[in-house]
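One structure is given here, and the rest of the page talks about it.
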Amino acid sequence: MHTVESAVLSGYICPVCGFAMAKPATDFNICPSCGTEFGNDDLEWTIGQLRQAWLDGGAKWWSQSTASPDGWDPVQQVLRVIPISPIGEPIAMNPQHYFSLTAGEWNSWDTTGSENTVNKCRT
Amino acid sequence: MCLRILGGLFCKIVGSSATSVSGGAFLWLLSSITLTNFQTYVIIISLPLRFTRGFDPVALMDHVQKHSARLRITAGAVEYEERADALFSIPKPDDVLECPQPDGDIIRFNKKTDEFGVIAADQIIRTYYIPMPCHKLAPANRKPGSCHHEKTNFEYFKKNCRRQYAYR
């Protein structure tokens, strides 16, 4: 059975939005959460660019045929894949955006070069 | 929403939004069944796909959602899958270019229509769409995931042929 835990263990986490996909993020599989088609979109754009576009669009659930999980929380979900600073705070690629998403819970961070930072999983 | 089952299509229609089954000439409407909660299920038999095994049914609707507008698909998943199947016609049409990949995938590109598709070695279609060069879009619409950076779609096809799935 597909669960978040099984997806984490098998590495099927969408690197763009952090959603636990039923299939790997390869082979033109589309993430139902952010709509990224892996092998197509990520050939032309960086993961950071795709993530930023999804966040800028309001981090909405993308798929019309797959329902979002009960209690779906895009902010908690994306925390799985956004870069983490040395002191454990998320490094926002667009600090203002994260600030608004989290109602001011986080500080802003300098974003220089953050797109190329190796992602660390918080879970 | 439609699922292909035993060569037929099983579509769920809510209210009057029947666009996904408004179908081409290759469809025959057999019967409709009205179930509870005002949901009508329509069983449609279509000709089996001729050249491929079609899409993974779980993946099909997301591909339709993502790519059908640019393909000017009007009959939903049925038309989308039929047209994807046609791109992989055997023998290969003269206007279609193809390149095999080391893992058994085959990429095809129709240089007249700009249709682009990838099929796996097991004859399941992985994707089908018309790419869009970013320079053809207004700057405000050049969003990540909406276009590619090559000058033409033919260049995009060649780039895909060269990549050899290095991300695997």
(message) With rounding to the nearest 0.5 angstrom, report the CH2 to CZ distance, A:Trp45 to B:Arg142.
(response) 9.0 Å
(request) Could you grab the distance from atom CG of A:Asp27 to atom CG of B:Asp103, nearest 0.5 Å is fine? (result) 7.5 Å
(message) Using heavy-atom distances under 4.5 Å, tell me whether B:Lys66 contacts chain A through its side chain, its backbone, both, or neither.
(response) both
(message) Starting from B:Phe154, can I reach B:Ile107 by hopping between I/L/V/M/F/W/Y residues whose side chains sit under 4.5 Å apart?
(response) yes
(message) Distance check, rounded to the nearest 0.5 Å: B:Met61 atom CE versus A:Ile30 atom CD1?
(response) 11.5 Å
(request) Return the option, out of B:His148, B:His63, B:Gln65, with the maximum number of heavy-atom pairs under 4.5 Å with chain A. (result) B:Gln65
(message) Applying a strict under-4.5 Å side-chain criterion to I, L, V, M, F, W and Y, I'd like to know whether B:Phe157 and B:Val118 cluster together.
(response) yes
(request) Look at A:Asn29, A:Thr36, A:Leu50 and state which one has the largest set of heavy-atom pairs under 4.5 Å with chain B. (result) A:Leu50
(message) Between B:Val96 and B:Phe51, is there shared hydrophobic-cluster membership here, with clusters defined by ILVMFWY side-chain heavy atoms closer than 4.5 Å?
(response) no
(message) If I take atom CG from residue B:Asn160 and atom CG from residue A:Asn40, how far apart are they, to the nearest 0.5 angstrom?
(response) 7.5 Å
(message) side chain to side chain donor-acceptor pair (under 3.5 Å), that's the test. Do A:Glu37 and B:Thr127 meet it? Break it down for me.
(response) CA-CA 9 Å; A:Glu37 183 173 9; B:Thr127 194; 2.5 Å; yes
(request) Using a cut-off of 6.0 Å, state whether more than 12 heavy atoms not belonging to B:Lys92 lie near its atom NZ. (result) yes
(request) Can you establish whether the number of heavy atoms outside B:Lys158 located under 6.0 Å from its atom NZ is more than 12? (result) yes
(message) Any non-hydrogen side-chain atom of A:Asp41 less than 4.5 Å from a side-chain atom of B:Pro144?
(response) no
(request) With rounding to the nearest 0.5 Å, note down the distance linking CD in A:Glu44 to CE in B:Met132. (result) 13.5 Å
(request) Could you state whether A:Val81 and A:Trp72 fall into the same hydrophobic cluster, counting links through intermediate Ile, Leu, Val, Met, Phe, Trp or Tyr residues with side-chain heavy atoms under 4.5 angstrom apart? (result) yes
(request) Verify the cluster assignment for B:Ile130 and B:Ile73: are they in a single hydrophobic cluster under the rule of side-chain heavy atoms below 4.5 Å apart? (result) yes
(request) Check whether B:Cys147 gets within reach of chain A through its side chain, its backbone, both or neither, counting any heavy atom under 4.5 Å. (result) both
(request) Among the options B:Gly145, B:Ser146, B:Ala120, B:Cys134, pick out the one with the most heavy-atom pairs lying under 4.5 Å from chain A. (result) B:Gly145
(message) Are there over 12 heavy-atom neighbours, none belonging to B:Arg70, within less than 6.0 Å of that residue's CZ?
(response) yes
